[in-house]
Amino acid sequence: MDLEKHPAAPAPAPTGLRASDADRDRIAQILGDAVAEGRLTAEEHSERLDTLYAVKTVGELEVLVQDLPAPGGAHAPSPSASSYEGAAGPAAETIVAVCSSSSRKGRWRPGPHTRAVSVMGDITIDLTQAVFEQQVTEINVTCVLGNVEVLVPENVTLRGYGSGILGNFEVRGMSRGETDPQAPVVIVRGFSLLGNIEARPKPGARLVDLARKLRKNLDG
């Protein structure tokens, strides 16, 4: 009889675990690679991206990419929340306006996550001249008795998920046919209480050579 204790084999990550922002970013990157390589059509990419931000667990996320190759030829392990905060990249930028106004516009580099908080204030987030360094950019907005406006280029894919109580949450220009399927994706999530949150494309503002730039980033 072998009385020596052997360490137990590590258990696989539970598929019922609640998905983190890092998990969603990883799946979004795989989907972005797939559409750039022609493995997914623009319609398939759009459908899976919508599902990506609707499901709740890691297992449901993995279903979206089970027929696609992961970066490096194998599915990367899901990073933990602590690794995401400590080593996966810079912390989310926070834009705050309390009885005041604040804006981000011009030639700037939005991170994967931006938070906007307006309390009796005005915030403008203008992405029409922004330099996108990731496939998916997510903006989380909380608005109380204030106003928040998000502007994007016409050929960027825009998605919105939010609600308002005695207020307004509106995302215009979603799922338009002229959006570039290989363009950056901007997702606006928000909650408005007696306030207004509006996201829309800015007429005449376009990012050029999106497909070439995205492929260069993926190859580099």
Side-chain angles (χ1 to χ4, degrees), residues 20-33 35-36 45-46 49-50 52-53 79 84-97 100-118 121-143 146-162 169-174 176 179-192 197-218 220:
S20 68
D21 288 338
D23 293 323
R24 297 184 196 279
D25 289 345
R26 177 175 59 85
I27 299 301
Q29 183 63 56
I30 295 173
L31 294 176
D33 292 351
V35 73
H45 178 257
S46 178
L49 199 63
D50 285 339
L52 170 66
Y53 289 92
Y84 174 74
E85 295 171 356
E93 178 181 7
T94 300
I95 305 169
V96 179
S100 62
S101 62
S102 184
S103 66
R104 292 290 186 276
K105 57 185 178 180
R107 197 74 172 172
W108 66 295
R109 299 175 184 271
H113 299 276
T114 298
R115 299 188 184 96
V117 180
S118 170
D122 295 317
I123 294 178
T124 300
I125 301 176
D126 188 340
L127 298 167
T128 56
Q129 297 181 48
V131 178
F132 293 90
E133 297 183 331
Q134 61 278 329
Q135 171 71 12
V136 178
T137 298
E138 183 170 333
I139 301 173
N140 290 276
V141 182
T142 302
C143 181
N147 182 71
V148 178
E149 183 179 41
V150 180
L151 300 173
V152 303
E154 286 188 319
N155 54 335
V156 163
T157 301
L158 181 62
R159 296 281 185 270
Y161 307 91
F169 176 87
E170 182 179 8
V171 176
R172 290 186 276 166
M174 293 194 298
R176 295 171 302 124
T179 56
D180 189 327
Q182 295 165 346
V185 178
V186 176
I187 296 172
V188 179
R189 296 177 177 273
F191 172 74
S192 172
I197 300 172
E198 180 181 351
R200 60 182 175 84
K202 184 176 181 179
R206 295 180 66 85
L207 294 181
V208 296
D209 298 329
L210 288 169
R212 179 176 60 82
K213 290 181 179 179
L214 179 58
R215 289 195 181 97
K216 182 178 178 181
N217 289 338
L218 293 176

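Counting begins at 1 with the first residue of the sequence.
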*asked:* Among residues at least two apart in sequence or on other chains, which ones pass side-chain hydrogen bond (donor to acceptor under 3.5 Å, both in side chains) with T137?
replied: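 So T137 forms a side-chain hydrogen bond (donor to acceptor under 3.5 Å, both in side chains) with Q134.
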Side chain to side chain contact (heavy atoms under 4.5 Å, CB included) against [X], all qualifying residues, sequence neighbours excluded:
X    : result
T94  : V96, R115
A116 : I123, I125, V141
T142 : none
Q129 : none

_Here's a test for you: under side-chain contact (heavy atoms from CB on, under 4.5 Å), which of V152, L127, V148 qualifies with I139?_
L127
*Between N147 and S118, which heavy-atom pair has the shortest distance, and what is it?*
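Distance-wise, the nearest heavy atoms are N-OG, 3.7 Å.
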*State, without any angle test, whether T128 and D126 hold a side-chain donor-acceptor pair at a distance under 3.5 Å.*
yes
*Rounded to the nearest 0.5 Å, what separation is found between the OG atom of S192 and the CD1 atom of I197?*
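Nearest 0.5 Å value for the OG-CD1 distance: 5.0 Å.
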*Salt bridge check: are E154 and K202 linked by an N-O gap of less than 4.0 Å?*
no
*Any donor-acceptor pair under 3.5 Å from R189 side chain to E138 backbone*: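 Not a single qualifying donor-acceptor pair exists.
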*Quick one: list whatever passes salt bridge (Lys or Arg N to Asp or Glu O under 4.0 Å) with R200, sequence neighbours left out.*
E149, E198
